[in-house]
Every structure is written in C-alpha cells, then in structure tokens.
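Residue numbers start at 1 and run along the sequence shown. Hydrogens, waters and symmetry mates play no part in the numbers below; they use all other heavy atoms, side chains included.
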Amino acid sequence: MRENLVSIIVPIYNCSSVLDRCLRSISAQSYQDYEVILIDDGSTDESGTICKRYVLADERFRYVRTENQGVSAARNRGLDMSAGEYITFVDSDDWLEEDFLMIMQERIQKSMADIVCCCFKKCSFEDVEEFKVKSALLRPGEALDGFSSYYYTSVWAKLYRRTTLHDLRFAVDIAYSEDTLFYTEAVLKSKKIEWISDCLYNYYDNQSGAMHDKNPYLYGTDLIARERILDLYKENSIDLKSAIYRLVISALDVKYVLFKNHIFDSSDIRNANFILKRYICYLRDFKYRIKYYALFIVEWFIKL
C-alpha cells in the first residue's frame with residue numbers, strides 16, 4: 001500500500017464510443033497521485049486500443065485484458081492489482097469532474113471517515129438531473145436506511161479506505177445489485193461515512209446499458225443480493241424495515257420482468273412469490289401495490 005495514492009478501478013466492456021470521455025476526465029484530474037487500473041472484460045470492439053493509447057501516454061495507467069466474466073470479476077481483478085491507500089470505482093461510460101479526486105481525498109483525510117460519497121449528475125441525451133443531498137457524517141445504520149435521502153448504493157462516486165475494504169470482494173454469482181451488496185458490506189465495516197454536497201461524478205444514463213436491458217435469466221440474482229443484504233442487516237442489528245421494503249420491490253420487479261418475457265414458472269418466480277406473500281405489508285407505495293395486484297390478476301387468469 002502506498003500512502004496518499006488513489007487507485008482508480010475502471011471495468012471495461014465494449015464501450016469504445018464513450019470510453020475516451022471517461023479516461024480523458026481521469027487524465028485531467030487536479031490531484032495527481034493516482035493509478036488507473038483498466039480491466040478489459042473481453043471487449044470485442046476498439047476499447048482495448050483506446051486503453052493502450054492512454055497506457056503509452058501515461059505510466060499511471062495500467063491495462064489488463066481478461067476473458068469475459070462480468071463486471072464483478074473485473075472489479076475484483078482491479079482490487080487485487082491496486083496499491084493505493086484509497087480506492088474508487090469509475091464506470092467506463094461515466095466521467096469525473098476535474099476536482100473529484102482532490103476534494104474526495106481532502107475530505108476523507110479531514111473527516112477521518114472510512115467512506116466518502118459525493119453527489120452526482122445523471123446525464124442523458126435529453127436531460128441532466130442532479131442528485132443532491134446535504135453534507136453529513138453518518139453512522140452505518142443511517143447510511144443504510146433505505147428511506148433516507150443518503151441511501152444511494154452504487155459503488156461509484158465514492159472513495160474508500162483500503163483498510164475498510166481489506167479482503168472484501170464483489171459477488172461473482174450475482175448479475176444485478178452486486179454493487180449494492182458490496183456497498184452494504186463496506187458500510188458495515190465502517191465507523192463513519194461522509195456525504196458531501198458537491199456534484200463531482202457524472203453518471204451516463206445509457207438506455208442500451210445493463211440497467212435497461214434486463215436479462216430475465218439473470219435478473220433473479222437481484223433477489224439473491226437483496227436476501228443477502230437482509231441477512232447482513234439481521235447480523236448487524238440494523239433496522240430491517242428498509243431492507244425488507246427493498247427486497248419486496250425487487251421481488252415485484254423480478255416477477256414483472258419474467259412475466260414480460262413470458263416466463264411463468266421458474267425458481268425465481270416461486271422465490272418472488274414467497275417474498276411477496278411474507279412481506280407484502282411493506283409495500284408502502286400505492287403504485288407498487290397496484291402493480292402487485294395487477295400481476296396477481298394476470299397470473300390468476302393465466303392459471304385458469
């Protein structure tokens with residue numbers, strides 16, 4: 001581990017159209033003591049060529065190509081290679097503000113927090129939307145409160161102490177919400193989490209990306225992640241209400257995606273049904289209740 005060094009881990013897969021914007025924003029950082037670990041998860045486009053160009057131009061950039069194993073395996077490889085006192089994750093279609101590293105590194109040293117989280121902008125072709133919260137120092141239970149404005153569980157837009165992450169790794173058997181599970185585990189290893197109000201990260205809302213192209217045969221792993229998170233809440237005596245609510249919403253979404261793809265009998269459907277029957281009372285939002293009962297009626301007609 002090298003003191004004050006920030007390790008930036010970038011998982012990459014077939015993103016040549018946006019990758020240069022991401023890497024250019026890293027190169028332009030006002031804070032200079034960093035390393036960039038580019039993990040190419042078996043891209044078949046020009047992503048590797050773009051990465052190699054940055055490696056040749058700047059010795060702080062390192063590039064590794066692996067067989068396609070998914071974003072969790074790519075991030076884990078980056079963690080294994082990293083040498084920094086601090087670690088941050090950047091998705092290959094996103095980009096950083098120039099002072100991202102400077103401000104985040106200053107805050108984590110000043111507040112002595114284990115994780116520092118910044119606000120971000122959600123960017124698309126049509127719109128830019130800011131996700132803003134007030135600056136605050138939180139305990140783990142407060143940071144994991146799913147009903148709180150501070151509950152945003154993506155691994156990016158955050159700076160982690162290496163000592164906090166230690167041997168923590170992403171679950172490679174989960175295709176959706178793997179970042180939420182990782183963040184939950186990291187928070188539970190922390191004593192203090194700081195949120196700052198600066199919008200320093202730009203999240204690209206890619207309508208053709210993984211979040212919008214739900215594979216029905218993989219999306220059920222979201223339930224696995226949410227159930228593991230619920231178990232973590234129980235083990236650490238965290239209030240279960242928000243975790244259960246998120247699990248119920250996940251079960252509802254899984255049922256919807258599978259029904260949409262004409263999959264009516266699977267272990268994921270049965271698991272989702274069990275969760276909904278057990279925890280339906282946690283569906284506080286009226287629109288989710290309507291969605292649930294609509295699905296119930298559709299399923300009833302199918303079984304006739």
Side-chain angles (χ1 to χ4, degrees), residues 1-109 116 118 120-121 123 125 128 154-162 165 170 179 198-206 208-210:
M1 181 179 75
R2 203 178 97 198
E3 190 175 353
N4 294 327
L5 178 72
V6 178
S7 296
I8 305 170
I9 297 171
V10 187
I12 293 161
Y13 180 71
N14 287 351
C15 54
S16 57
S17 62
V18 293
L19 181 57
D20 188 65
R21 176 180 62 190
C22 172
L23 301 187
R24 192 168 60 247
S25 76
I26 296 174
S27 289
Q29 288 297 296
S30 56
Y31 183 81
Q32 295 290 301
D33 195 7
Y34 64 82
E35 64 173 357
V36 188
I37 304 171
L38 307 172
I39 306 296
D40 184 351
D41 188 36
S43 295
T44 57
D45 64 0
E46 295 300 311
S47 295
T49 302
I50 296 170
C51 289
K52 291 173 185 176
R53 191 170 74 238
Y54 279 85
V55 170
L56 287 173
D58 190 334
E59 63 182 7
R60 294 173 298 183
F61 282 73
R62 299 155 65 193
Y63 170 73
V64 173
R65 179 179 171 83
T66 66
E67 292 183 8
N68 180 240
Q69 301 176 68
V71 66
S72 290
R75 286 172 175 154
N76 288 342
R77 181 68 181 274
L79 284 167
D80 292 340
M81 293 175 59
S82 64
E85 182 180 4
Y86 308 108
I87 294 169
T88 191
F89 300 95
V90 180
D91 282 357
S92 57
D93 48 0
D94 301 340
W95 66 101
L96 306 175
E97 294 296 322
E98 183 179 0
D99 291 330
F100 172 86
L101 290 182
M102 179 70 75
I103 294 173
M104 297 288 275
Q105 199 263 357
E106 286 178 351
R107 289 310 314 163
I108 204 168
Q109 288 195 0
V116 172
C118 69
F120 63 92
K121 297 175 185 176
C123 308
F125 287 116
V128 175
S154 187
V155 294
W156 42 256
K158 297 170 176 67
L159 187 66
Y160 305 83
R161 288 186 184 274
R162 170 176 292 280
L165 298 186
F170 290 86
D179 52 350
D198 308 65
C199 281
L200 302 173
Y201 191 98
N202 297 283
Y203 162 65
Y204 177 52
D205 186 22
N206 183 0
S208 62

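Here the side chain of E59 pairs no donor or acceptor atom with the backbone of V55 at under 3.5 angstrom. Not one N or O on the side chain of Y54 forms a donor-acceptor pair closer than 3.5 Å with the backbone of S27.
To the nearest 0.5 Å, the span separating CD on E98 from CD1 on I103 amounts to 10.0 Å. A distance of 9.0 Å separates CD1 of I50 from CD1 of I12, quoted to the nearest 0.5 Å. From S17, atom OG reaches atom CG of D45 across 8.0 Å, with rounding to the nearest 0.5 Å. Of the inter-residue distances, the one linking R2 atom CZ with E85 atom CD reads 11.0 Å to the nearest 0.5 angstrom. Residue I39 holds its CD1 atom at 12.5 Å from OG of S92, rounded to the nearest 0.5 Å. A distance of 10.5 Å separates OH of Y86 from CG of D33, quoted to the nearest 0.5 Å.
Looking only at side-chain heavy atoms (C-beta outward), P11 and D41 stay at 4.5 Å or farther from each other. Y13 places a side-chain heavy atom less than 4.5 Å from the side chain of S43. Between L38 and L23, some side-chain heavy-atom pair lies under the 4.5 Å cut-off. Between R62 and I37 there is a side-chain heavy-atom pair separated by less than 4.5 Å. Proximity of S82 to R162: side-chain heavy atoms (C-beta onward) are separated by under 4.5 Å at one or more points. When side chains are defined from C-beta on, L200 does not count as touching F120, because their heavy atoms never get closer than 4.5 Å. Considering only heavy atoms from C-beta on, F61 stays 4.5 Å or farther from V10 through its side chain. Taking the side chain as every heavy atom from C-beta outward, Y31 and N4 approach each other to under 4.5 Å.
Residues N202 and E97 share a closest heavy-atom pair of ND2-OE2, 2.9 Å. Minimum heavy-atom separation, S30 to D99: OG-OD1, 2.6 Å. E35 approaches S7 most closely through the heavy-atom pair OE2-OG, 2.5 Å. Between Q69 and T66, the shortest heavy-atom distance links the atoms NE2-CB, 4.3 Å. When all heavy atoms are compared, the tightest approach of R60 to Q32 is NH1-O, 2.7 Å. In this structure, T44 and N14 approach most closely via the heavy-atom pair N-OD1, 2.6 Å.
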Step-by-step side-chain contact (heavy atoms from CB on, under 4.5 Å) determination, D179 to R75:
CA-CA 10 Å; D179 52 350; R75 286 172 175 154; 4.2 Å; yes

Trace of the side-chain contact (heavy atoms from CB on, under 4.5 Å) decision for R53 with D20
CA-CA 10 Å; R53 191 170 74 238; D20 188 65; 3.0 Å; yes

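In summary, of the residues considered (Y203, F89, Y204, W95), a ring-ring contact (aromatic ring centres under 6.0 Å, His included) with W156 occurs for Y203 alone.
Taking the six-membered ring for Trp, Y34 and F100 have ring centres at least 6.0 Å apart.
Salt bridge R77/D40: absent, no basic N to carboxylate O contact under 4.0 Å.
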